[in-house]
Amino acid sequence: MVTQNWKYKTKNFRYRKLITFIGLVLIFVGLPFIVHSPYYIHLLIIAGMNAILAMTFIMILRTGLISLGIAAFWGIGAYASAAFVMKGEVSFWLALPAATVITGLISWAVGYLLVRNPGFGFLILTAVIGMLISLVFGNISWLGGFTGIEYISPPNPIDISFLAPILFISKIPYYFLMLGLFLLVLISFWALYHSSTGRAWMAIGLNPHLAESIGVNVFRYRLIAFVIASAVAGLEGSFYAHYIGSINPNAFNIFKTINIHIYAILGGTGSVFLGPIIGTLIMTFVPESLRIAKEIEPILTGALLILLIIFLPGGILSLFNLRHRHSEGTAGITRAIKKSFLLIGKKQKETHAPS
Amino acid sequence: MLQVRNLSKFFGGLAAISDLDFDILNSEILGVIGPNGAGKTTLFNVISGFYTPTRGRVIFDSHDITGLKAHQVAHVGISRTFQASNLFMSLSVLDNIFTCHHMSYRTSIWKRFLHTPSAIEEERRLRGKALEILEFMGLDPLKDELAGRLTHGQQKALGLCMALATDPKLLLLDEPVTGMNPVEIQTMLNLIGRIRSRGVTIAIVEHNMQAVMNLCDRIIVLNHGQKIAEGSHKEIIENQEVIEAYLGKDEES
């Protein structure tokens with residue numbers, strides 16, 4: 001009797017979620033017909049991109065790792081795509097998946113070496129990648145050195161026989177392209193989190209030793225999370241390069257990664273989708289609407305982050321007391337950092353085994 | 001069922017286990033006892049793949065499993081519990097066990113996403129199996145409680161359920177009754193007995209002598225990483241070396 005009741009409740013809940021999701025999608029589809037200011041459309045596009053980057057951060061965090069190299073892989077995707085289109089004369093529609101695959105392959109090679117050192121090692125090594133990437137790009141003259149690549153051509157027009165061709169001149173086509181990519185990533189992530197892979201990630205994030213002893217290949221599943229997250233960051237990088245039209249190495253430095261972390265932490269890392277989306281929207285629109293001078297913005301973001309960690313460690317979502325299944329808030333982050341520091345100086349292999 | 005041959009594990013120059021030889025026989029309960037620091041937990045960590053042995057072989061069902069990783073050892077059918085309560089604290093009791101079905105879960109991502117009949121069927125089957133284990137262990141009234149909210153005794157029982165959920169042939173229990181009151185100990189011993197009657201072979205590390213003596217068919221005694229005695233509990237109690245290991249040598253004799 002009790003079980004049936006429970007099933008009924010979850011089923012009802014699932015439909016309510018689905019209806020809310022479709023409603024939100026319809027709102028975002030209709031938005032450009034109401035909001036005519038290209039400036040706000042631009043902000044929405046950037047927010048969508050940043051929200052996805054924040055989601056990739058959370059995907060890696062779920063497996064108990066903190067990556068400081070998200071912007072680096074974002075940059076690799078951007079440069080790969082720009083190089084394909086500008087040097088290789090390939091269509092954008094081919095360069096987009098190609099950049100994703102290349103970022104995925106590079107992250108697989110890097111992750112294969114880094115993911116073996118969970119905790120402090122991973123944190124520092126990804127930070128090194130995050131800091132070095134701008135220097136690496138800056139010193140490849142073929143990729144434009146420190147001035148970067150300019151005048152990247154926009155996506156090729158989409159020709160549909162019975163409609164006028166869709167040209168990427170105004171912001172609107174970019175907005176819908178972003179919305180499409182956003183939905184694609186959202187649905188794939190949702191499917192992943194609800195599959196056995198997602199369950200294995202959750203098990204690793206909650207208790208890596210126990211996960212191992214029930215037969216979860218911890219290294220493999222961490223690597224999967226790292227590669228998927230990085231490949232998606234590469235996808236966003238490819239979009240970014242063609243949307244902005246020019247890229248330079250400094251756009252992909254470690255401060256971008258830290259901003260991505262702030263978006264996720266502000267919204268609440270206990271939620272895989274809602275937290276990053278809310279955090280990013282707030283961080284994009286609130287400073288803009290207050291017309292804060294660019295010079296003091298970093299100071300305000302820094303102060304905000306400190307206040308958040310002290311007073312609202314679970315992020316904005318924790319205010320609504322959402323009883324999310326994985327709800328752990330930033331407690332997960334603090335724990336991961338604490339663990340990282342405890343591991344310094346000890347032999348990794350020996351500290352691994354439980355008592 | 002499990003053969004351990006010349007097993008040694010060194011930490012730096014310190015031998016936690018040295019040249020250990022013993023067998024675990026089919027569907028028996030083997031007790032591993034010894035003073036603190038005798039290498040009992042290290043032994044379990046080596047068998048279950050958390051440590052790589054320095055020397056020696058571990059053979060399970062005539063497969064050499066020496067040096068396999070912990071998750072690979074789980075795949076051949078050896079499951080373990082931990083000394084400290086080691087659970088997914090923020091998940092419910094039922095979800096804890098459901099998570100342990102990782103190895104037998106077959107549904108692909110897209111089938112799960114589209115809720116195909118086979119995906120729903122598998123989910124229902126595994127949930128049923130998890131419930132069955134909970135009922136078997138008497139934890140079913142607590143299935144929706146968070147694991148972190150259980151009492152110590154219940155958490156240990158849940159740990160046992162989780163080890164059982166991986167369908168092991170050999171179960172390694174690391175101090176299953178430590179820190180429990182006598183009533184909880186009795187419940188736990190009954191549970192372990194019932195698991196054995198399902199045909200699961202069990203090895204136990206435990207400090208509680210009463211529990212070990214009541215439960216185990218055979219006992220091996222470790223001291224300083226070496227086996228000093230082996231046999232039924234009667235033989236162990238009368239063994240001079242064991243008495244010395246526990247109580248110290250009589251200087252005057």
Side-chain angles (χ1 to χ4, degrees), chain A residues 2-3 5-7 9-11 14 18 116 186-222 224 228 270 323-329 331-332 335 346-347 349-355, chain B residues 11-12 41-42 44-46 48-52 69-76 78-84 86-92 95-115 119 124 127 131 143-144 147 159 162-163 165-166 172 174-175:
Chain A
V2 179
T3 356
N5 193 13
W6 172 77
K7 262 182 198 158
K9 255 161 68 185
T10 43
K11 207 170 183 186
R14 189 181 296 148
L18 191 66
R116 285 182 197 285
L186 206 67
I187 291 170
S188 322
F189 276 22
W190 192 91
L192 271 168
Y193 279 121
H194 286 81
S195 71
S196 61
T197 312
R199 261 189 223 125
W201 286 343
M202 183 181 66
I204 295 167
L206 292 175
N207 193 335
H209 288 317
L210 186 56
E212 229 177 328
S213 83
I214 60 170
V216 177
N217 187 338
V218 172
F219 171 73
R220 181 161 165 256
Y221 278 98
R222 277 186 167 150
I224 291 174
I228 290 175
R323 287 187 63 195
H324 199 270
R325 202 171 144 193
H326 312 295
S327 197
E328 278 228 306
R335 209 178 46 221
K346 286 187 189 171
K347 266 194 189 170
K349 202 135 204 191
E350 306 301 346
T351 46
H352 257 190
S355 58
Chain B
F11 291 108
T41 297
T42 309
F44 271 19
N45 278 336
V46 171
S48 61
F50 281 97
Y51 290 150
T52 343
K69 300 253 169 56
H71 63 90
Q72 294 168 318
V73 173
H75 276 270
V76 302
I78 299 179
S79 189
R80 66 169 294 180
T81 66
F82 296 86
Q83 232 171 67
N86 216 344
L87 310 167
F88 302 119
M89 293 296 179
S90 54
L91 298 186
S92 76
D95 282 337
N96 261 281
I97 297 183
F98 195 79
T99 310
C100 294
H101 288 137
H102 174 79
M103 287 191 288
S104 50
Y105 195 81
R106 291 277 168 271
T107 308
S108 69
I109 290 175
W110 296 110
K111 277 188 178 163
R112 174 70 182 77
F113 177 64
L114 296 170
H115 284 283
R124 189 174 296 155
R127 214 160 266 282
L131 273 173
K143 65 179 167 52
D144 293 325
M162 290 164 74
T166 60
L172 306 174
D174 197 350
E175 307 204 355

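Below, read A as the first sequence line, B as the second, and so on, with proteins coming before strands; counting in each chain starts at 1. Here the structure is a predicted model, which is why all the values come from computation and not from measurement.
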Apply the test side-chain contact (heavy atoms from CB on, under 4.5 Å) to residues A:Tyr221 and B:His102: give CA-CA distance (whole Å), side-chain angles for both, the deciding distance (0.1 Å), then the verdict. CA-CA 12 Å; A:Tyr221 278 98; B:His102 174 79; 3.4 Å; yes
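- Distance alone, capped at 3.5 Å, places no donor-acceptor pair between the A:His194 side chain and the B:Phe113 backbone.
- B:Arg80 approaches A:Ser213 most closely through the heavy-atom pair CG-CB, 4.1 Å.
- A:Asn207 has its side chain out of reach of B:Leu87: every pair of non-hydrogen atoms, C-beta onward, lies at least 4.5 Å apart.
- Of the atoms belonging to B:Thr166, it is side-chain heavy atoms, and not backbone ones, that fall under 4.5 Å from chain A.
- With rounding to the nearest 0.5 Å, the separation of OG in A:Ser196 from NE2 in B:His101 is 13.5 Å.
- Nearest heavy-atom pair across B:Trp110 and A:Ala191 is CZ3-CB, 4.3 Å.
- Summarising the geometry of A:Ile214 relative to B:Ala74, their closest heavy-atom pair is C-CB, 4.1 Å, with the distance given to 0.1 Å.
- For the options B:Cys100, B:Gly159, B:Gly49, B:Ser79, heavy-atom pairs under 4.5 Å to chain A are most numerous at B:Cys100.
- Proximity to chain B is limited to the side chain of A:Thr197, based on heavy atoms less than 4.5 angstrom apart.
- Considering only heavy atoms from C-beta on, A:Arg199 comes within 4.5 Å of B:Tyr105 through its side chain.
- In this structure, B:Phe50 and A:Glu212 have side chains that are in contact, with non-hydrogen atoms separated by less than 4.5 Å.
- Distance check: A:His209 NE2 to B:Asn86 CG gives 7.5 Å after rounding to the nearest 0.5 Å.
- Expressed to the nearest 0.5 Å, how far CG of A:Leu210 lies from CG of B:Asn96 amounts to 7.5 Å.
- Of all the heavy atoms in A:Val216 and B:His71, the pair that sits closest is O-CB, 3.3 Å.
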